2 protein chains.
Amino acid sequence: MEHRSQCPVASGLDIFGDKWTLVVLRTIFAGRRRYSDLLAMPERISTNILADRLALLERQGLIAARPYQVNPLRHEYHLTAKGADILPILQAIARWSVKHIPGRWPLPDWFVTAEPQRYYPV
Amino acid sequence: MEHRSQCPVASGLDIFGDKWTLVVLRTIFAGRRRYSDLLAMPERISTNILADRLALLERQGLIAARPYQVNPLRHEYHLTAKGADILPILQAIARWSVKHIPGRWPLPDWFVTAEPQRYYPV
DNA sequence: CTGGTAACTTGCATAATACAAGTGAAGGGA
DNA sequence: TCCCTTCACTTGTATTATGCAAGTTACCAG
């Protein structure tokens with residue numbers, strides 16, 4: 001966890017400044033919590049990148065793995081408070097894209113009105 | 001400009017989803033508009049990456065080069081309306097980092113209260 | 001003629017990402 | 001029992017991106 005500087009913008013991007021990390025979080029916000037569900041996202045993420053990003057997000061404390069079965073042990077990935085607080089970033093990105101890139105999907109209502117608290121762990 | 005999907009989040013990240021693009025924009029918001037000023041940012045960007053990102057941002061219409069001298073021709077990089085509208089994304093990232101990463105610089109007041117209109121071209 | 005600045009470009013090494021295939025544990029059916 | 005399938009990965013290799021150092025071009029000052 002070495003940061004390029006103490007700048008809040010640069011430091012955030014040290015964690016999630018790549019093509020996939022925020023897309024994975026978006027998918028978890030949409031309710032997909034298992035590896036296979038995440039793998040089936042329309043953007044076609046590859047298996048090693050998904051596994052790598054889930055491990056990174058867990059290490060950084062943005063998501064937490066919770067078992068949903070044993071034999072064999074499998075888990076769902078849930079947002080932590082730290083991860084749920086990413087929502088305003090996703091909303092800002094989405095608003096920019098809808099305004100400036102033609103042909104984007106319209107934003108679903110639940111996404112526009114959602115607040116991080118809604119996704120905090122119980 | 002091929003997008004992975006029509007998703008507004010993923011499409012935005014297709015444009016600025018890397019370690020440097022948003023850091024360069026942040027620096028321009030801070031008033032540094034020339035190549036040498038941008039190169040002097042505390043995060044130590046390398047020359048080829050800076051030149052590449054400026055070309056990309058210009059091609060995508062987020063910044064525009066305006067000459068400030070001839071002989072030799074040199075230009076400053078100014079935000080377009082499309083580029084200025086990135087501000088809410090930077091603000092959301094900065095707020096998240098200040099809250100969740102210890103030791104970040106406090107946000108300057110001008111940054112917290114800034115609005116994209118302030119940076120629109122004249 | 002030499003040195004300096006600004007804004008790059010080029011070459012090469014290293015790191016990140018993409019794609020295909022393989023692995024291991026379990027379950028179901030013939 | 002043997003074979004086939006699913007889930008959640010891991011491994012190997014190719015391609016792309018990034019990082020670092022050095023070189024280039026145009027100009028100006030002394």
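Residue numbering restarts at 1 for every chain, and letters A, B, ... go by the order of the sequence lines. Given the structure is predicted, the values throughout are model-derived calculations rather than measurements.
B:Val70 belongs to a hydrophobic cluster with B:Leu73, counting contacts under 4.5 Å between side-chain heavy atoms of Ile, Leu, Val, Met, Phe, Trp and Tyr, direct or through other members.
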Apply the test side-chain contact (heavy atoms from CB on, under 4.5 Å) to residues A:Thr21 and A:Ile15: give CA-CA distance (whole Å), side-chain angles for both, the deciding distance (0.1 Å), then the verdict.
CA-CA 8 Å; A:Thr21 303; A:Ile15 295 174; 5.8 Å; no
Could you go step by step and tell me if A:Tyr77 and A:Val24 meet the side-chain contact (heavy atoms from CB on, under 4.5 Å) rule?
CA-CA 11 Å; A:Tyr77 300 98; A:Val24 170; over 6 Å; no
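In this structure, the side chain of B:Trp96 engages the main chain of A:Lys82 through a donor-acceptor pair within 3.5 Å.
Under the salt bridge (Lys or Arg N to Asp or Glu O under 4.0 Å) criterion, B:Arg34 pairs with B:Glu76, sequence neighbours left out. Under the salt bridge (Lys or Arg N to Asp or Glu O under 4.0 Å) criterion, A:Arg74 pairs with no residue at all, not counting sequence neighbours. Under the salt bridge (Lys or Arg N to Asp or Glu O under 4.0 Å) criterion, B:Arg95 pairs with no residue at all, not counting sequence neighbours. A search for ring-ring contact (aromatic ring centres under 6.0 Å, His included) contacts involving A:His78 returns nothing, not counting sequence neighbours.
Position along DNA chain C of the nearest nucleotide to A:Ile45 versus B:Tyr77 favours B:Tyr77 as the more 5'-ward residue.
Side-chain contact check for B:Leu56 versus B:Leu62: every heavy-atom pair is 4.5 Å or farther apart.
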5' to 3', nucleotides 20-30 of chain D under a 4.0 Å protein heavy-atom cut-off (B base, S sugar-phosphate only, - none) gives BBB----S---
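For residues 26-70 of chain A, every residue pair satisfying the ring-ring contact (aromatic ring centres under 6.0 Å, His included) rule, not counting sequence neighbours, is listed here: A:Phe29-A:Tyr119. Sorted by first and then second residue, the pairs that involve residues 15-33 of chain A and meet salt bridge (Lys or Arg N to Asp or Glu O under 4.0 Å), not counting sequence neighbours, are A:Asp18-A:Arg53, A:Arg26-A:Glu43.
Atom OG1 of A:Thr27 and atom CG of A:Leu50 lie 9.0 Å apart (nearest 0.5 Å).
Residues from residues 16-26 of chain A with heavy atoms under 4.0 angstrom of DNA chain C, sorted by number: A:Asp18, A:Trp20. Within residues 33-42 of chain A, the residues approaching DNA chain D are A:Tyr35, A:Ser36, by heavy-atom distance under 4.0 Å.
Once you apply a 4.0 Å limit to the heavy atoms of chain B, the touched nucleotides of DNA chain C run 5' to 3' over C:dA6 to C:dG11.
Look at CD1 on A:Ile49: it is 13 Å from P on D:dA17, rounded to the nearest Å.
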Under 3.5 Å, which donor-acceptor pairs link side chains of residues 98-108 of chain A to any protein atom two or more places apart or in another chain?
| unit_1 | atom_1 | unit_2 | atom_2 | d |
| --- | --- | --- | --- | --- |
| A:Lys99 | NZ | B:Asp85 | OD2 | 2.8 |
| A:His100 | NE2 | B:Asp85 | OD2 | 2.7 |
| A:Arg104 | NE | A:Pro102 | O | 3.3 |
| A:Arg104 | NH1 | B:Ser5 | O | 3.0 |
| A:Arg104 | NH1 | B:Ser11 | OG | 2.8 |
| A:Arg104 | NH2 | A:Pro102 | O | 3.1 |

